[in-house]
Amino acid sequence: MITDKEKISLKQALFLYLTLVYTPSVRLVAAVAAKNAKQAAWLVPLASLVILVLHIWMIQSMYKKHENQPFCYILNITLSKYIGKIVCFLYITWLSILLGLYIRYYAERLVTSVYPSISIILFIVIMLVLVAYTLSSGIVVIARMNEIFVVILSAIFFLLVILLIPEIKIKYLTPLSYREIVPVLKGSLALSGLWVYIFFLFMIGDKIAEKDQLLKQGIKAGIFLFFITICLITTAVGTLGYEIMQRAPLTFYATVKQISVVDVFERIESILISTWIISDFIIIAVFTFIVLELIKSLFNLNHMKSFINIYIIFQAILSLYLCRNVFELQEFSSKMGLQLNVIFGLLIPIAIFIIGKIRKKI
């Protein structure tokens, strides 16, 4: 039985969620929205918010009868033990691939934007050593660190948005008509491929307290995320236009480069890079913890501390062989990554929820 000291609060969990979606949002969201909805890209988060709220309600319902049980236990009693273990293994596989992609993105981003002469291997080793050391203390320490990080990330993000407001051109965000409805909904589904990270996070729901308040508190977090995403897309598309934005490799980074306030702000984009490193650390640490907990449940192990270093080494190797360069990373993210996230983070959970309700296990 997990003690209260080993659990994080619901507030800390939602803060972790906001940080998990930060880096992929500043890298990808504006491009995906611009590609699907063009000048109406800033409306994309509307439908995604509705999907997120329904998702949160579903997660709360799944844990209502099984508050202190691990995710694999819910799979086993809902789908049967055999099928449940297969689904759990599939989640371990996909989250491991996703984690490998984020490790590679972190290293490639630094090499591409700041340190072109340094090998990505060095950055990968430094990050994973730090993650391994932190994980030995458990999720509680990570959540407490993130309470500080999320405030810093939010403050820097809104500072950059304020500085970008003078660069926004209304002509890039209009005109709008009823014909934009379908493209906006298509973009919303793609955006939901990132927002489903809340389901991945609650795979460690047995280590999160106060889940009975998830719907109420989750809606507040969702509205905040909605507001941030609107600001992100509006400043990006409104500054450079959807034609440029849908092809930009690092969308918000390209936008920040447009800031020109006095000389002291000429290199203000370096602030954005520092926020990426913070967010990347949280993403890599949390996803590693989630996968290790799924492995622990799948094989009925008592603890995973002795496996942290082994899994970290595996991820270092995987991240190096997943792709050859940053262009392959971007192609995979836009053409397969988001779609697979929707399958694993939305469609499969809906199927689990429906089956659980029919069998009266949820």
Point to revise | Ring geometry between F344 and W94 (parallel below 30°, tilted from 30 to 60°, perpendicular above 60°) | key: parallel
Check your understanding: So which heavy atom on V29 is nearest to which on L232, and how close?
Key -> CB-CD2, 4.1 Å
Review point. What's the shortest heavy-atom distance between A236 and M245, and which atoms?
Key: O-CE, 3.4 Å
Revision key, fill the gap. Residue set satisfying side chain to side chain contact (heavy atoms under 4.5 Å, CB included) with V125, at least two apart, ordered chain then number -> I121, V129
Exercise for review: Applying side-chain contact (heavy atoms from CB on, under 4.5 Å), run through Y197 and L98 and close with a yes or a no.
Suggested key: CA-CA 11 Å; Y197 284 3; L98 196 59; 3.8 Å; yes
Exercise for review: State plainly whether the residues K64 and D212 are in salt-bridge range, i.e. N to O under 4.0 Å.
Suggested key: no
Study note, to complete from the structure: From the list Q217, Q60, E67, M62, side chain to side chain contact (heavy atoms under 4.5 Å, CB included) partner of K211 resolves to E67
Study note, to complete from the structure: The complete set of side-chain hydrogen bond (donor to acceptor under 3.5 Å, both in side chains) pairs with one or both residues in residues 35-56, sequence neighbours excluded, reads Q39-E180
Exercise for review: Could you go through the side-chain contact (heavy atoms from CB on, under 4.5 Å) check for I86 and Y82 one step at a time?
Suggested key: CA-CA 7 Å; I86 293 176; Y82 179 72; 3.5 Å; yes
Exercise for review: Check the surroundings of atom CD1 in I126: do more than 12 heavy atoms from other residues, nucleotides or ligands lie under 6.0 Å from it?
Suggested key: yes
Review point. Checking ring-ring contact (aromatic ring centres under 6.0 Å, His included) against F71, which of F202, F199, F200 comes through?
Key: F199
Exercise for review: Can you measure from CZ (F89) to SG (C72) and round to the nearest 0.5 angstrom?
Suggested key: 12.0 Å
Exercise for review: Assess the side chains of N76 and K361: does a donor N or O sit below 3.5 Å from an acceptor N or O?
Suggested key: no
Review point. Is there a donor-acceptor contact under 3.5 Å linking the side chains of Y311 and S96?
Key: yes
**Study point:** Option passing side chain to side chain contact (heavy atoms under 4.5 Å, CB included) with F281 (candidates N146, V131, T19, T23)
**Key:** V131
Review point. Can you get from L185 to Y242 by hopping between Ile, Leu, Val, Met, Phe, Trp and Tyr side chains that sit under 4.5 Å apart?
Key: no
